[in-house]
Amino acid sequence: PYAVSRAGAQGLMQLMPDTARQLGVENPLIPEQSIASGIRYLHDLLDDFGSTEVALWAYNAGPGAVRRGVLPAETSRYVGRVWSCPCFRGCC
């Protein structure tokens, strides 16, 4: 729950500080706040982009990067790992 990435993403759901503020998160290192806000953010991205795969790209790279077509290699690896996970596909 106390993870902080090199890029500054925080907590279990790895929210960037600006995103956490926009979502009204008081402390992204508190698991309940991190998970609830991360789920809400992913839901919003699904609504915005209409595609699970594109929403995952936006969750990792940011919605602005996706709209500009800036798709970092790290994000490609992230989406590939998530997309290939059997638990993500709902079979577990």
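A quick note: this is a predicted structure, and the numbers were derived from the prediction, not measured.
- Taking every heavy atom of both residues into account, Leu71 and Trp57 meet most closely at CB-CZ3, 3.3 Å.
- Neither Val4 nor Ile35 shares a network with the other; the hydrophobic side chains, linked directly or stepwise wherever heavy atoms of I, L, V, M, F, W or Y lie under 4.5 Å apart, form separate groups for each.
- A donor-acceptor contact shorter than 3.5 Å is absent between the side chain of Gln33 and the backbone of Val25.
- Remark: Gln10 CD to Ile30 CD1 distance equals 11.5 Å, nearest 0.5 Å.
- Tyr41 pairs by the ring pair (Phe, Tyr, Trp, His ring centres under 6.0 Å) definition with Tyr59, not counting sequence neighbours.
- Heavy atoms only, all atoms of each residue included: Leu29 and Gly11 are closest at CD2-N, 3.6 Å.
- We find the CZ-OG distance between Arg81 and Ser76 to be 10.0 Å, quoted to the nearest 0.5 Å.
- Pairing each heavy atom of Leu23 with each of Arg40, the nearest pair is O-NH2, 2.6 Å.
- Side chain of Ser84 to backbone of Gly80: a donor-acceptor contact under 3.5 angstrom is found.
- Criterion: ILVMFWY side-chain heavy atoms under 4.5 Å apart, direct or through other members. Under it, Met16 and Ile39 are not part of a common hydrophobic cluster.
- Rounded to the nearest 0.5 angstrom, Glu32 CD and Leu12 CG are separated by 9.0 Å.
- Between the OG1 atom in Thr19 and the CD atom in Gln14 there is a gap of 11.5 Å [rounded to 0.5 Å].
- Taking 4.5 Å as the limit, some side-chain heavy atom of Leu15 sits within range of a side-chain heavy atom of Ser37.
- Interatomic distance, Leu42 CG to Leu56 CG, rounded to the nearest 0.5 Å: 6.5 Å.
- When hydrophobic clusters are built by joining Ile, Leu, Val, Met, Phe, Trp and Tyr residues whose side-chain heavy atoms come closer than 4.5 Å, directly or via intermediates, Val79 is not grouped with Val70.
- Shortest non-hydrogen contact noted between Phe49 and Ala55 is CB-N, 4.4 Å.
- Minimum interatomic distance between Trp83 and Glu53 (heavy atoms only, all atoms of both residues): CZ3-N, 3.9 Å.
- A donor-acceptor pair under 3.5 Å links the side-chain atoms of Ser34 to the main chain of Met13, judged by distance alone.
- The two residues Gly8 and Pro17 have their closest heavy-atom pair at O-CD, 3.4 Å.
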